[in-house]
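Some notes on the structure that comes next.
By convention in this document, chain letters (A, B, ...) are assigned in the order of the sequence lines, proteins followed by strands, and residues within each chain are numbered from 1.
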There are 2 protein chains.
Amino acid sequence: MTETDLNILDDEETQLCEASGKTAYPPALEFVKAQRMADFFGLLGDANRLRIISLLADTELCVGDLAIALDMNDSAVSHQLKTLRALRLVKHRKQGRHVFYQLLDRHVFDLYNTVLEHLDETAID
Amino acid sequence: MTETDLNILDDEETQLCEASGKTAYPPALEFVKAQRMADFFGLLGDANRLRIISLLADTELCVGDLAIALDMNDSAVSHQLKTLRALRLVKHRKQGRHVFYQLLDRHVFDLYNTVLEHLDETAID
DNA sequence: TCAACACATGAACAGACATTCATGTGTTAT
DNA sequence: ATAACACATGAATGTCTGTTCATGTGTTGA
């Protein structure tokens with residue numbers, strides 16, 4: 001047996017369906033970690049947030065210009081930026097009464113591009 | 001001017017805030033494409049769906065075993081699998097009264113691992 | 001000082017979505 | 001045939017969340 005190698009909970013040997021040739025549960029991603037990942041992906045699961053990211057990846061922009069470029073309410077943009085700021089995905093710089101935002105985490109933009117390519121080669125729905 | 005190079009809508013020369021040194025809007029991701037990406041990311045934005053993916057990446061499993069391994073309702077698992085199936089992320093194989101699912105799109109699992117690493121090196125919240 | 005501006009923030013509303021429950025379909029075994 | 005099983009599906013429910021509206025804070029210019 002290689003239960004420990006497979007990181008299997010051995011409190012109870014619950015039986016799997018006999019149709020599968022397996023004798024124990026495969027290791028599942030712990031829920032807390034799964035939840036953190038889900039939060040991260042969910043963060044990118046909004047079209048307007050992605051468009052904001054796409055803009056801020058190229059250049060620095062203030063809230064008002066973002067709103068105009070995206071045809072969004074100033075307040076809506078500000079709320080979204082607050083979210084992105086909380087996750088440390090953007091940094092901001094105050095200049096007079098303007099606040100300029102810029103993409104901080106390039107890792108996110110890599111993910112962005114990865115999925116962009118994925119969509120080109122895969123037919124969704 | 002390099003407006004066409006930058007793919008800028010030139011119907012109206014709306015003025016940006018003078019604080020930014022820019023004279024025109026940067027190109028934004030088209031909304032429809034952004035929406036497709038958002039749908040894709042949103043799909044991964046659920047802890048239980050991620051856990052299902054993590055299990056099906058390692059091995060083939062039937063619905064009932066998934067439900068037990070994840071401590072979920074059979075119906076809930078089935079609903080989630082329907083979603084994953086619609087997006088062609090999993091494939092299924094019928095064997096008697098069991099239906100075995102398996103991860104089809106390894107690209108998704110790559111993304112999964114990428115974010116997993118990302119979370120280890122970044123403090124979220 | 002006062003008005004206009006840029007942005008932030010809180011509450012309220014509406015839409016999306018995951019789960020549950022009840023039910024339906026198809027398969028196996030007696 | 002019929003009961004038990006494995007899974008799928010539709011409706012209903014509760015929760016989460018993005019936008020809007022109203023308001024607050026801080027800055028600039030007259």
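- The nucleotide whose nearest atom lies closest to any side-chain atom of B:A76 is, among C:dC7, C:dT20, C:dA18, C:dT20.
- Atom NZ in B:K82 sits roughly 11 Å away from atom P in D:dA11 (whole-Å rounding).
- B:Q95 places its CD atom 14 Å from the P atom of C:dT27, with the value rounded to the nearest Å.
- Among the nucleotides C:dA18, D:dT19, D:dA8, the one closest to any side-chain atom of A:M72 is D:dT19.
- Below the 3.5 angstrom threshold, one finds a donor paired with an acceptor across the side chain of A:S75 and the base of C:dT9.
- Within the 4.0 Å cut-off from OP1 or OP2 of D:dT9, at least one side-chain nitrogen or oxygen of B:R85 is found.
- Here the C1' atom of nucleotide D:dT17 and the CG atom of A:D39 are 12 Å apart, to the nearest Å.
- In this structure, the NE2 atom of A:H98 is 12 Å from the C1' atom of C:dA4, given to the nearest Å.
- Proximity of B:Y101 to the phosphate of D:dA8: a side-chain N or O atom is located under 4.0 Å from OP1 or OP2.
- Using a 4.5 Å cut-off on side-chain heavy atoms (C-beta onward), B:F31 and A:D71 make no contact.
- A donor and an acceptor atom never sit less than 3.5 Å apart when one is taken from the side chain of A:H79 and the other from the base of D:dT17.
- If B:K94 and A:H92 are placed on DNA chain C by their nearest nucleotide, the residue sitting closer to the 5' end is A:H92.
- Looking at heavy-atom distances under 4.0 Å, B:D74 makes no contact with the nucleic acid at all.
- Side-chain N/O atoms of A:Q35 and A:D39 include a donor and acceptor closer than 3.5 Å.
- A residue-by-residue look at A:Q80 and A:G96 shows that A:Q80 has its nearest nucleotide of DNA chain D further toward the 5' end.
- With rounding to whole Å, B:F100 atom CZ is found 11 Å from D:dA6 atom P.
- Side-chain atoms of A:T83 come within 3.5 Å of backbone atoms of A:H79 as a donor-acceptor pair (strictly under, hydrogens ignored).
- The CG-C1' distance, from B:L84 to D:dC7, rounds to 16 Å in whole Å.
- An OP1 or OP2 oxygen of C:dA18 is reached within less than 4.0 angstrom by no side-chain nitrogen or oxygen of B:N48.
- Aromatic ring pairs are classed by plane angle as parallel below 30°, tilted from 30° to 60° and perpendicular above 60°; the pair A:Y112 and A:F109 is parallel.
- In this structure, the side chain of B:S54 engages the main chain of B:R51 through a donor-acceptor pair within 3.5 Å.
- Remark: P of C:dC7 and CG of A:L61 are 11 Å apart, rounded to the nearest angstrom.
- Within the 4.0 Å cut-off from OP1 or OP2 of C:dT20, at least one side-chain nitrogen or oxygen of B:N73 is found.
- Atom CZ of B:R97 and atom P of D:dA8 are 15 Å apart (whole Å).
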